[in-house]
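The analysis underlying the following values was restricted to heavy atoms, covering all of them including side chains, and did not include hydrogens, waters or symmetry mates. FYI, the numbering just counts along the sequence from 1. Because the structure is a prediction, the values reported are computed rather than measured.
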Amino acid sequence: MGLKEEINRRRTFAIISHPDAGKTTLTEKFLLYGGAIAQAGAVKGKKNSRHAVSDWMEIEKQRGISVTSSVMQFQYDGYCINILDTPGHQDFSEDTYRTLMAADSAVMVIDASKGVENQTRKLFKVCVMRHIPIFTFINKMDRDARSPFELIEQIESELGIQTYPVNWPIGCGKEFKGVYDRDKRHIIAFSSESEMAFGKHKVAMEEVELSDPALDDMLGENLHETLSDDIELLDGASYEFDINKVRNGELSPVFFGSALTNFGVEPFLERFLEMTTSPTPRMSSDGLIDPFDEDFSAFVFKIQANMNKAHRDRITFLRVCSGKFDKEMDVLHVQGNKKMRLSQPQQIMAQEREIIDEAYAGDIIGVFDPGIFSIGDTICSPKRKFEFEPIPTFAPEHFMRVRQKDTLKRKQFVKGATQIAQEGAIQIFQEPETGMEEVIIGVVGVLQLEVFEYRMKNEYNVELFKESLSYSHIRWIDNKDIDVKKLKLSSDTKLVQDFRGNYLLLFTSEWNIRWALEKNEGLELSEFNRGALQ
């Protein structure tokens with residue numbers, strides 16, 4: 001295949017949801033249907049001991065949640081698919097935001113009994129900011145669910161997006177028989193044999209015309225009658241399908257199914273791949289970068305240390321934005337202004353890795369990082385020099401003072417804290433003129449502190465003394481010529497530096513921020529570090 005054909009068949013999307021809506025289960029079922037795995041494992045291991053393929057950190061396996069973004073590639077029906085499985089837990093919204101920067105579209109998973117939840121709203125807003133297409137999969141139809149009309153209305157009213165139900169559920173819970181395909185105007189009925197029902201293997205499907213007289217026996221008279229009424233109401237009241245609105249993030253195609261039992265997963269995957277786009281252009285300092293441009297370019301959206309504890313390695317994840325990557329090629333690391341070859345280029349399936357020779361726009365690749373890359377960095381062909389738009393950081397809301405219990409482990413403490421900070425999971429601050437023996441950790445969500453402590457102990461063999469701090473607001477000092485030692489600050493305001501040496505202030509309340517601005521004429525404070533967005 002030529003460059004254009006290879007890029008055209010790429011589909012790169014993120015899966016987002018509120019915790020426990022079934023996002024990781026759906027991800028795994030895509031891998032099952034793509035032939036990437038032979039048997040699906042239950043995420044929480046209720047009926048067997050398998051863990052989801054996309055969860056690799058021990059803490060994730062214990063809790064049945066994702067706290068890191070996993071990257072998976074597989075082939076299906078001529079498409080090359082890159083899935084970005086995002087953390088479901090709200091404390092990791094920052095990592096999810098960065099992952100969405102690397103995606104061309106998003107699949108939003110909603111629990112049929114709970115509807116739109118808090119984290120769904122937050123993540124949806126990020127998608128809207130980027131104008132990326134959003135496809136909705138209403139999951140867990142194998143359990144008691146809300147009325148599908150109520151769910152559709154809630155998505156439209158709470159998220160402010162039009163919807164188009166591509167298929168419609170027939171029953172729910174034990175009565176869930178299948179879905180009605182609105183475009184083909186036929187019913188897809190699913191087998192529910194016991195082995196199939198737990199979703200380890202692909203599920204058998206039967207397509208039946210709406211006029212088939214056997215439908216009463218297959219669905220039962222009540223469900224058949226309800227379906228006929230629903231179809232009439234849908235055809236008269238729902239929005240028209242408009243692919244341009246879908247591509248601009250204004251209309252969300254909606255699908256119903258059950259990821260656990262595999263009901264509706266394959267029809268969703270097939271239609272989604274038809275509707276979503278091949279890689280899209282990206283904005284840079286040189287204007288829009290066309291994915292079909294022959295010159296290679298990519299940006300860093302994720303860094304992860306110790307994915308393989310045996311190797312103590314650090315992997316930087318790149319989203320390829322244009323052209324073709326070849327492992328023998330020279331590239332320019334723009335922020336470091338250094339020509340180099342990317343070491344050990346690989347594609348990753350949770351903990352499984354495969355060294356690759358080439359990759360195309362839309363692909364996600366991992367490369368070995370000796371500690372030179374930061375989130376948001378641009379890598380491109382040496383004959384071109386431009387920077388992709390920076391990825392903003394979220395201001396931390398929770399702070400903790402930490403130091404190592406064993407003073408002989410200072411080196412491991414510094415290395416661990418620095419590496420985890422470079423990944424973007426935490427931010428590190430120091431009091432001026434002090435060393436790294438004791439640092440202040442800032443995070444967006446409390447669970448990040450727990451993961452930090454867990455990783456320090458398990459990956460760096462360092463146990464910590466911890467002290468919670470009452471600060472909840474952070475502001476960078478924008479003035480370059482100010483003498484920070486002469487600042488008038490209240491007793492519950494703390495002056496610190498980030499690990500790039502920039503000065504900032506930690507406050508316990510908004511009132512303290514106003515007090516500092518009033519008492520220090522000319523002081524300029526901002527919620528972001530303008531000099532160096534991570």
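- Remark: side-chain polar atoms of S157 are paired, donor with acceptor, to backbone N or O of E153 under 3.5 angstrom.
- Side-chain contact between V107 and I16: absent, with no pair of heavy atoms (C-beta onward) separated by less than 4.5 Å.
- Contacts of I231 classified as side chain to side chain contact (heavy atoms under 4.5 Å, CB included), with partners at least two apart in sequence or in another chain: Y180, R185, L210, L227, D235.
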Mind running side-chain contact (heavy atoms from CB on, under 4.5 Å) on L273 and Y76 for me, showing each step along the way?
-> CA-CA 9 Å; L273 292 171; Y76 180 85; 3.7 Å; yes
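- Between the S278 side chain and the I7 main chain, no donor and acceptor come within less than 3.5 Å of each other.
- Heavy atoms only, all atoms of each residue included: A103 and R282 are closest at O-NH2, 3.2 Å.
- The side chain to side chain donor-acceptor pair (under 3.5 Å) search around T280 returns D104, not counting sequence neighbours.
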Go through the steps for Y239 and F241 under the test ring pair (Phe, Tyr, Trp, His ring centres under 6.0 Å), then give the verdict.
-> CA-CA 6 Å; Y239 288 101; F241 182 75; over 10 Å; no
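- With sequence neighbours excluded, the residues satisfying side chain to side chain contact (heavy atoms under 4.5 Å, CB included) with H186 are D181, K184, I188, E207, E209.
- Residues L332 and I379 have side chains not in contact (no heavy-atom distance under 4.5 Å, counting atoms from C-beta outward).
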Quick one: do F135 and M108 satisfy side-chain contact (heavy atoms from CB on, under 4.5 Å)? Show the steps, please.
-> CA-CA 6 Å; F135 298 82; M108 179 168 65; over 6 Å; no
Derivation of the salt bridge (charged side-chain N to carboxylate O under 4.0 Å, His left out) call for K327 and E358 = CA-CA 6 Å; K327 72 172 184 179; E358 59 187 36; over 6 Å; no
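- With sequence neighbours excluded, the residues forming a side chain to side chain contact (heavy atoms under 4.5 Å, CB included) with D326 are E328, M329, listed by chain and number.
- D369 contributes a side-chain N or O that, together with a main-chain N or O of I372, makes up a donor-acceptor pair within less than 3.5 Å.
- Between T378 and Q335 the shortest side-chain heavy-atom distance falls below 4.5 Å.
- When all heavy atoms of V265 and S258 are compared, the pair lying nearest together is CG2-O, 4.0 Å.
- The closest side-chain donor-acceptor pair between E270 and Y79, if any, does not fall under 3.5 angstrom.
- By the side chain to side chain donor-acceptor pair (under 3.5 Å) test, S252 is found to be paired with T136, residues two or more places apart in sequence or in another chain being considered.
- In this view, K177 satisfies the salt bridge (charged side-chain N to carboxylate O under 4.0 Å, His left out) rule with no residue, not counting sequence neighbours.
- Partners of R10 according to the salt bridge (charged side-chain N to carboxylate O under 4.0 Å, His left out) rule, which considers only residues two or more places apart in sequence or in another chain, are E6, D363.
- In this structure, Q154 contributes its side chain and V116 its backbone to a donor-acceptor pair below 3.5 Å.
- A distance-only check finds no donor-acceptor pair linking the side chain of N458 to the backbone of R455 [under 3.5 Å].
- Residues M141 and E175 fail the side-chain proximity criterion, which asks for heavy atoms closer than 4.5 Å.
- Taking the six-membered ring for Trp and thresholds of 30 and 60 degrees, F176 and F263 have ring planes inclined between 30 and 60 degrees apart.
- Every residue two or more places apart in sequence or in another chain that forms a side chain to side chain contact (heavy atoms under 4.5 Å, CB included) with D111 is listed here: A21, S113, K114, E117, K140.
- The side-chain heavy atoms of S17 and L26, taken from C-beta on, include no pair separated by under 4.5 Å.
- Nearest heavy-atom pair across I364 and Q347 is O-CG, 3.6 Å.
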Intermediate values then yes/no, side-chain contact (heavy atoms from CB on, under 4.5 Å), Q344 and I355 = CA-CA 6 Å; Q344 300 169 31; I355 298 292; 4.2 Å; yes
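- Every residue meeting the side chain to side chain donor-acceptor pair (under 3.5 Å) condition with Y164, not counting sequence neighbours, appears here in chain and number order: D183.
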Apply ring pair (Phe, Tyr, Trp, His ring centres under 6.0 Å) to the pair F255 and F137, showing each step before the final yes or no.
-> CA-CA 5 Å; F255 300 80; F137 184 78; 7.6 Å; no
Please test S105 against R11 for side-chain hydrogen bond (donor to acceptor under 3.5 Å, both in side chains), starting from the C-alpha separation and ending with a verdict.
-> CA-CA 9 Å; S105 60; R11 297 290 184 272; over 6 Å; no
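- Classification of the F149-W168 ring pair by plane angle, with boundaries at 30° and 60°, yields tilted.
- Side-chain atoms of T163 and E156 form a donor-acceptor pair, as typed in the model, at a separation below 3.5 Å.
- A donor-acceptor contact shorter than 3.5 Å links the side chain of T12 to the backbone of G362.
- By the 30° and 60° cut-offs, the orientation of the rings of F296 relative to F325 is tilted.
- Closest approach of C127 to I134, counting heavy atoms only: CB-CD1, 3.5 Å.
- Using modelled atom types, no side-chain atom of R143 and backbone atom of G173 make a donor-acceptor pair closer than 3.5 Å.
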List the atom pairs, donor and acceptor, that lie under 3.5 Å between side-chain atoms in residues 288-295 and the rest of the protein, sequence neighbours left out.
from : atom 1 : to   : atom 2 : distance (Å)
D290 : OD1    : F292 : N      : 2.8
D293 : OD1    : D295 : N      : 2.9
D293 : OD2    : R384 : NH1    : 3.0
D295 : OD1    : K383 : NZ     : 3.4
D295 : OD2    : R384 : NH1    : 3.4

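- Annotation for E5: atom CD counts as buried by contact number, over 12 foreign heavy atoms lying within 6.0 Å.
- Across all their heavy atoms, V320 and G323 have their closest contact at CG1-O, 4.3 Å.
- A donor-acceptor pair under 3.5 Å is formed between the side chain of R247 and the backbone N or O of M275.
- The heavy-atom pair separating T99 from F301 by the smallest distance is CA-CD1, 4.1 Å.
- Two residues are said to be in side-chain contact when any heavy atoms from C-beta on lie closer than 4.5 Å; F74 and I83 meet this criterion.
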V331 vs R341, side-chain contact (heavy atoms from CB on, under 4.5 Å): CA-CA, chis, key distance, verdict = CA-CA 6 Å; V331 298; R341 283 197 182 180; over 6 Å; no
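- Within a 6.0 Å sphere centred on CG of D144, other residues, nucleotides and ligands contribute 12 heavy atoms or fewer.
- Looking at K29, its side chain does come within 3.5 Å of a backbone N or O of A259 through a donor-acceptor pair.
- With E397 contributing its side chain and V443 its backbone, the two residues share no donor-acceptor pair below 3.5 Å.
- Under the salt bridge (charged side-chain N to carboxylate O under 4.0 Å, His left out) criterion, E206 pairs with no residue, sequence neighbours left out.
- Considering only heavy atoms from C-beta on, L318 comes within 4.5 Å of L342 through its side chain.
- Residues meeting the salt bridge (charged side-chain N to carboxylate O under 4.0 Å, His left out) test with K245, sequence neighbours left out: none.
- Taking 4.5 Å as the limit, some side-chain heavy atom of I155 sits within range of a side-chain heavy atom of I161.
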